[in-house]
Asker: 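This is the structure I want to talk about, given as structure tokens.
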Amino acid sequence: MKVPFVDLKAQYQSIRNEILPQLEAVCENTSFVLGPFVKKFEEDFARFVGVKHALGVSNGTAADQLAIQSLIRPGDEVITTPNTFFATTEAITAAGGKIVFADIEADSYNIDPEKVAAAITPRTKMIVPIHLYGQPADMDPILEIARKHRLYVVEDSAQAHGAQYKGRTAGSMGDAAAFSFYPGKNLGAYGEAGAVTTNSEAVAEFVGLYRDHGSRIKYEHEIEGHNMRMEGFQGAVLAVKLKHLPAWTDGRRRAAAVYNELFRDVPGVITPKEMPYSRHVYHLYVIRVKDREGLSAYLNEMGIGNGYHYKYPLHLQKAYAHMGFREGDFPVTEKVMKEIISLPMFPELQDEQIEYVVNAVNKFVSK
Ligand SMILES: *Cc1c(COP(=O)(O)O)cnc(C)c1O
């Protein structure tokens with residue numbers, strides 16, 4: 001048996017008949033950049049998240065940058081965790097912010113509100129929690145800290161389409177949020193795409209202008225922006241796929257439940273913890289083991305896809321050597337990130353495939 005890490009082909013085959021006519025309609029309309037197909041998706045996605053505005057942009061990194069840039073001034077400090085994909089901190093820098101790290105909680109792997117409070121200085125302007133692996137960060141204490149210190153909150157929701165925190169949808173709780181529709185994300189385009197969601201008119205206006213050369217009317221430029229527009233094909237694909245997302249999320253949650261059940265009898269494996277406040281959407285199914293490198297090599301041998309999300313804490317990446325961090329600065333992140341390994345996770349994952357994966361992990365850890 002072979003178990004891929006993700007299976008985008010299985011999903012395409014299940015919706016091929018809905019997708020292809022939409023792609024043809026984009027061609028017939030020549031609506032290749034922004035336009036009616038993107039607009040339709042923006043309206044549907046805003047309703048899905050429960051916000052006033054969703055703005056389609058070129059990718060999730062651009063969404064992160066624009067959500068942040070719309071609210072801060074150059075040099076403002078922005079607090080986030082070293083346990084995220086590199087795009088989050090690249091976006092802070094691109095938006096003119098100064099990266100400040102706060103450590104994570106050992107059980108949720110998300111930003112620790114107490115560590116956020118401790119990282120605040122007079123120059124702090126924003127907190128960027130990441131809803132990592134598909135589980136919302138503990139937003140109530142984060143929003144409370146933000147209120148108290150007059151800080152903005154931008155949710156990095158790139159892995160959390162449809163995830164919920166105490167019944168509120170990820171991407172609706174902060175001042176703005178950023179989504180990625182990279183093909184492997186829970187809601188994936190057929191190419192690059194992203195979106196900013198917000199209830200703020202000011203944020204929506206900034207993002208709408210900035211993504212399109214600062215222009216509302218062609219060749220009239222109110223500000224210097226950039227080209228960060230969503231393509232028509234992506235809007236068309238995403239509008240079709242959004243209708244299926246709730247069923248796909250159920251598929252991921254079912255797969256996670258089967259994994260959890262089978263891992264109950266396997267010592268030496270820490271499974272993901274769904275926090276009482278959250279509805280996890282399992283973008284990734286991440287376990288912790290003592291020897292992840294050994295396990296990864298063994299899974300590769302057994303034909304089982306796997307990965308590290310992520311390989312190294314961001315404060316120890318070469319790109320941030322100039323910030324002068326050392327091993328030991330963020331001990332929870334550092335400990336967790338040496339042990340994590342992601343197993344196959346996608347809505348169509350079969351029980352037999354999950355059994356095969358768990359048996360292989362069991363065989364390795366009980367050696
Ligand atoms: C995927 C991702 C991004 C960036 O999205 P792209 O569409 O790949 O640019 C940002 N933050 C997190 C947490 C992500 O997982």
Side-chain angles (χ1 to χ4, degrees), residues 77-90 92 98-121 124 126-146 149 151 153-160 163 165 170 260 263 267-278 280 282-293 295-296 307-321 323-343 365:
E77 291 181 3
V78 178
I79 300 174
T80 192
T81 83
N83 182 33
T84 177
F85 180 51
F86 191 53
T88 310
T89 51
E90 280 180 309
I92 292 171
K98 180 169 179 287
I99 302 160
V100 174
F101 289 120
D103 211 345
I104 59 168
E105 300 172 329
D107 46 6
S108 72
Y109 310 141
N110 279 324
I111 199 163
D112 183 336
E114 285 178 24
K115 305 283 172 51
V116 171
I120 291 172
T121 76
T124 307
M126 179 179 282
I127 309 166
V128 180
I130 299 100
H131 304 314
L132 198 69
Y133 309 148
Q135 168 149 265
D138 192 0
M139 290 302 289
D140 275 346
I142 292 167
L143 292 168
E144 184 52 38
I145 291 166
H149 296 269
L151 309 176
V153 175
V154 165
E155 300 167 72
D156 185 330
S157 304
Q159 304 189 358
Y165 176 81
N260 290 344
F263 272 129
V269 173
I270 300 174
T271 53
K273 180 167 183 204
E274 184 169 29
M275 305 302 283
Y277 49 71
S278 89
H280 198 318
Y282 295 98
H283 170 56
L284 293 164
Y285 186 86
V286 178
I287 61 167
R288 282 163 63 194
V289 294
K290 269 221 185 74
D291 176 15
R292 72 163 182 179
E293 271 78 22
L295 176 58
S296 177
Y308 302 143
H309 298 88
Y310 291 89
K311 197 166 182 184
Y312 304 118
L314 292 189
H315 64 284
L316 301 176
Q317 290 279 357
K318 186 176 167 198
Y320 295 137
M323 292 171 78
F325 289 113
R326 291 156 191 245
E327 194 124 2
D329 285 343
F330 301 97
V332 183
T333 294
E334 289 167 26
K335 175 173 169 36
V336 164
M337 284 186 97
K338 285 192 186 107
E339 301 174 346
I340 49 176
I341 178 165
S342 310
L343 301 179
V365 296

Asker: Which heavy-atom pair separates Leu132 from Thr84 by the least distance, and what is that distance?
Answerer: CD1-CA, 4.2 Å
Asker: For Glu339, is the CD atom crowded, meaning more than 12 foreign heavy atoms sit under 6.0 Å from it?
Answerer: yes
Asker: Out of curiosity, Ile142 CD1 to Leu151 CG, how far, rounded to the nearest 0.5 Å?
Answerer: 11.5 Å
Asker: Please check if atom NZ in Lys115 has more than 12 non-hydrogen atoms from other residues, nucleotides or ligands closer than 6.0 Å.
Answerer: yes
Asker: Are the side chain of Tyr133 and the backbone N or O of His309 linked by a donor-acceptor pair below 3.5 Å?
Answerer: yes
Asker: Would you give the length of the straight line joining atom OG of Ser342 to atom OH of Tyr285, rounded to the nearest 0.5 angstrom?
Answerer: 11.5 Å
Asker: Distance-only, no hydrogens or angles: does the Gln159 side chain make a donor-acceptor pair with backbone N or O of Ile130 under 3.5 Å?
Answerer: no
Asker: Can you tell me how far the OG atom of Ser157 sits from the NE2 atom of His283, to the nearest 0.5 Å?
Answerer: 12.5 Å
Asker: Minimum heavy-atom separation for Pro136 and Tyr277, please, with both atom names.
Answerer: O-CE1, 3.6 Å
Asker: Does either side chain, that of Tyr165 or that of Asp138, offer a donor lying less than 3.5 Å from an acceptor on the other one?
Answerer: yes
Asker: Taking the side chain as everything from C-beta on, heavy atoms only, tell me whether Phe85 gets closer than 4.5 Å to Glu90.
Answerer: no
Asker: Closest approach of Gly134 and Ala163, non-hydrogen atoms and distance?
Answerer: O-CB, 3.5 Å
Asker: Can you measure from CZ (Phe86) to CG (Leu314) and round to the nearest 0.5 angstrom?
Answerer: 7.0 Å
Asker: Within a reach of under 6.0 Å around OH of Tyr320, are more than 12 heavy atoms found that belong to other residues, nucleotides or ligands?
Answerer: yes
Asker: Measure the shortest side-chain to side-chain distance between Thr81 and Phe101 over non-hydrogen atoms and say whether it is less than 4.5 angstrom.
Answerer: no
Asker: Report the C-alpha distance between Phe330 and Phe325 in whole Å, list the side-chain angles of each, state the deciding distance to 0.1 Å, and finish with yes or no for ring pair (Phe, Tyr, Trp, His ring centres under 6.0 Å).
Answerer: CA-CA 9 Å; Phe330 301 97; Phe325 289 113; 5.6 Å; yes
Asker: Are any of the side-chain heavy atoms of Pro313 and Glu327 separated by less than 4.5 Å?
Answerer: no
Asker: Could you grab the distance from atom CG of Leu284 to atom OH of Tyr308, nearest 0.5 Å is fine?
Answerer: 14.5 Å
Asker: Please check this pair: side chain of Ser278 against backbone of Gln135, looking for a donor-acceptor N/O pair closer than 3.5 Å.
Answerer: no
Asker: Run through Leu295, Val289, Ile341 and flag the one making a side chain to side chain contact (heavy atoms under 4.5 Å, CB included) with Val269.
Answerer: Val289
Asker: What pair of heavy atoms forms the shortest contact from Tyr109 to Ile104, and how long is it?
Answerer: O-CG2, 3.5 Å
Asker: Determine yes or no for a side-chain-to-main-chain donor-acceptor pair under 3.5 angstrom, with Arg292 supplying the side chain and Met337 the backbone.
Answerer: yes
Asker: Say whether, by atom type as modelled, one donor and one acceptor occur between the side chain of Asp112 and the main chain of Ala102 under 3.5 angstrom.
Answerer: no
Asker: Minimum heavy-atom separation for Ala160 and His131, please, with both atom names.
Answerer: CB-CB, 3.5 Å
Asker: With no hydrogens and no angle check, is any side-chain donor or acceptor of Asp103 less than 3.5 Å from a backbone partner on Val332?
Answerer: yes
Asker: Check the pair Ile340, Arg288 against side chain to side chain contact (heavy atoms under 4.5 Å, CB included), reporting the backbone distance first and the verdict last.
Answerer: CA-CA 4 Å; Ile340 49 176; Arg288 282 163 63 194; 3.7 Å; yes
Asker: Would you compute the distance between atom CD of Glu77 and atom CD1 of Ile92 and round it to the nearest 0.5 angstrom?
Answerer: 11.0 Å
Asker: Do you know which two heavy atoms are closest between Ile111 and Ala137, and how far apart they sit?
Answerer: CG2-CB, 4.5 Å
Asker: Evaluate the side chain to side chain contact (heavy atoms under 4.5 Å, CB included) criterion for residues Gln317 and Tyr310: first the C-alpha distance (whole Å), next the side-chain angles of each, then the deciding distance (0.1 Å), finally the verdict.
Answerer: CA-CA 11 Å; Gln317 290 279 357; Tyr310 291 89; over 6 Å; no
Asker: Looking at Ile120, Thr124, Val153, which one forms a side chain to side chain contact (heavy atoms under 4.5 Å, CB included) with Ile145?
Answerer: Ile120
